[in-house]
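A short write-up of the structure that comes next.
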Amino acid sequence: MLNSMKHARLSRWFRLIVLLPIALFLIYDLVIDAFVLHQFASAHFAIESVTFLFVLIIFVIDLRELRELRSRLDHEETRNKVLAGEIAEGIDAQMDGWKLTRTEREVAWLIVKGYRFSEIADLRHVKESTTRLQASTIYSKAGVRGRAEFVAEIVQQLLTPILDEDYRLHGRNNV
C-alpha cells in the first residue's frame, strides 16, 4: 500500500511539474493577447482562456490530492512504526519467556532479521563457531531444532491471537 501511495504521489508531482510551465506559458500568452494585441474578444483568446482554466483546475486538483496523499502516507508510515514496535515487543516478550541472555538476544534478533551465521559473527566480532553455538543454545531454550523452526515459532506466537480470533469469529482455521 505504501509503495502504491508513493507511486501515486510521484505521479502527481510529475503532472504538476509538467502543468506548471504550460500554465505559465498560457498566462504569458493571455497577457500578451490582452494587453499588447488587445484581442479580448477573439476566438483565440477565448480558447486560450478556457484552456488555461482547465489547466488551472487540474493543477489545483492535483495539489489537493498530493496533500491528501502526503497525509495518508504519513499516517501509514506512523501506523507501520507502531505495528513494528508492537511486533518487537512481542518478540522481546518471547525472548523473556525463553530467558535469553543479552548476548543470546542479540544473536536471536539477527537470526530473525535473516542474517547468516557468518554475517552475525562478523557483526559481533566473534568466530562463526561461537555464533553457531549461541544459536544452538537459543534454539534449545526456545524448544526448537533449528533456524527455520525458531523463526516459525516467533511468527506463530505473534499470529496466534489473530488466528484464534479469526477462528472464533468466522469458524475457520487459516493456519
Side-chain angles (χ1 to χ4, degrees), residues 1-95 105-116 118-125 147 151-152 154-175:
M1 183 169 178
L2 286 177
N3 284 339
S4 65
M5 284 196 297
K6 287 180 181 180
H7 177 72
R9 187 170 169 245
L10 287 174
S11 175
R12 292 288 189 280
W13 272 113
F14 178 76
R15 284 189 355 203
L16 288 172
I17 289 168
V18 169
L19 285 175
L20 186 60
I22 293 170
L24 292 174
F25 171 77
L26 286 171
I27 290 171
Y28 166 79
D29 196 40
L30 286 170
V31 168
I32 296 297
D33 289 348
F35 298 110
V36 175
L37 302 176
H38 305 289
Q39 295 182 347
F40 282 113
S42 71
H44 172 82
F45 187 82
I47 290 170
E48 284 184 351
S49 296
V50 169
T51 303
F52 173 72
L53 183 63
F54 285 136
V55 168
L56 185 62
I57 289 170
I58 292 168
F59 192 82
V60 168
I61 289 170
D62 277 355
L63 272 177
R64 192 174 209 184
E65 288 178 0
L66 190 60
R67 189 174 61 235
E68 289 171 10
L69 277 169
R70 177 76 248 167
S71 176
R72 285 179 42 209
L73 189 59
D74 288 344
H75 173 75
E76 288 299 319
E77 287 174 344
T78 300
R79 186 173 151 254
N80 283 351
K81 286 178 185 175
V82 168
L83 290 173
E86 289 175 4
I87 289 170
E89 286 176 15
I91 293 171
D92 277 335
Q94 286 177 287
M95 291 183 190
R105 279 176 183 269
E106 289 174 12
V107 173
W109 270 108
L110 293 170
I111 290 170
V112 169
K113 290 179 180 182
Y115 286 91
R116 294 186 311 268
S118 60
E119 294 171 320
I120 295 171
D122 288 344
L123 286 169
R124 302 193 68 250
H125 308 291
R147 176 190 296 259
V151 174
I154 288 175
V155 171
Q156 177 65 27
Q157 293 300 318
L158 291 172
L159 293 180
T160 296
I162 297 167
L163 297 175
D164 288 349
E165 180 72 10
D166 187 49
Y167 183 77
R168 189 179 63 74
L169 291 176
H170 304 290
R172 65 177 184 260
N173 192 351
N174 293 327
V175 180

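- Heavy atoms from other residues, nucleotides or ligands lying under 6.0 Å from CZ of Arg70 number more than 12.
- Under the side-chain contact (heavy atoms from CB on, under 4.5 Å) criterion, Gln94 pairs with Ile91, Trp98, Ile154, Gln157, Leu158, not counting sequence neighbours.
- The side-chain hydrogen bond (donor to acceptor under 3.5 Å, both in side chains) test applied to Asp92 returns Arg105, Trp109, not counting sequence neighbours.
- Considering only residues two or more places apart in sequence or on other chains, Arg15 meets the side-chain hydrogen bond (donor to acceptor under 3.5 Å, both in side chains) condition with Asp62.
- Atom CD1 of Ile111 sits about 12.0 Å away from atom CD of Glu106, to the nearest 0.5 Å.
- Shown here are the salt bridge (charged side-chain N to carboxylate O under 4.0 Å, His left out) partners of Arg116, two or more places apart in sequence or in another chain: Glu119.
- To the nearest 0.5 angstrom, Arg79 atom CZ is 12.0 Å from Arg72 atom CZ.
- Contacts classified as ring pair (Phe, Tyr, Trp, His ring centres under 6.0 Å) and involving residues 40-66 (residues at least two apart or in different chains) are given here: Phe40-Phe45.
- Partners of Ser11 according to the side-chain contact (heavy atoms from CB on, under 4.5 Å) rule, which considers only residues two or more places apart in sequence or in another chain, do not exist here.
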Enumerate, atom names and distances included, each donor-acceptor pair closer than 3.5 Å involving a side-chain atom of residues 16-32, sequence neighbours excluded.
none

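- Arg147 is linked by a salt bridge (charged side-chain N to carboxylate O under 4.0 Å, His left out) to nothing, counting only residues two or more places apart in sequence or in another chain.
- For His75, the side-chain hydrogen bond (donor to acceptor under 3.5 Å, both in side chains) test picks out no residue, with sequence neighbours left out.
- Legend: residues meeting side-chain contact (heavy atoms from CB on, under 4.5 Å) with Val82, ordered by chain and number and at least two apart, are Glu86.
- A search for salt bridge (charged side-chain N to carboxylate O under 4.0 Å, His left out) contacts involving Arg67 returns nothing, not counting sequence neighbours.
- Every residue meeting the side-chain hydrogen bond (donor to acceptor under 3.5 Å, both in side chains) condition with Glu65, not counting sequence neighbours, appears here in chain and number order: Arg12.
- Taken from CD1 in Ile58 to CG in Leu53, the straight-line distance is 10.0 Å, to the nearest 0.5 Å.
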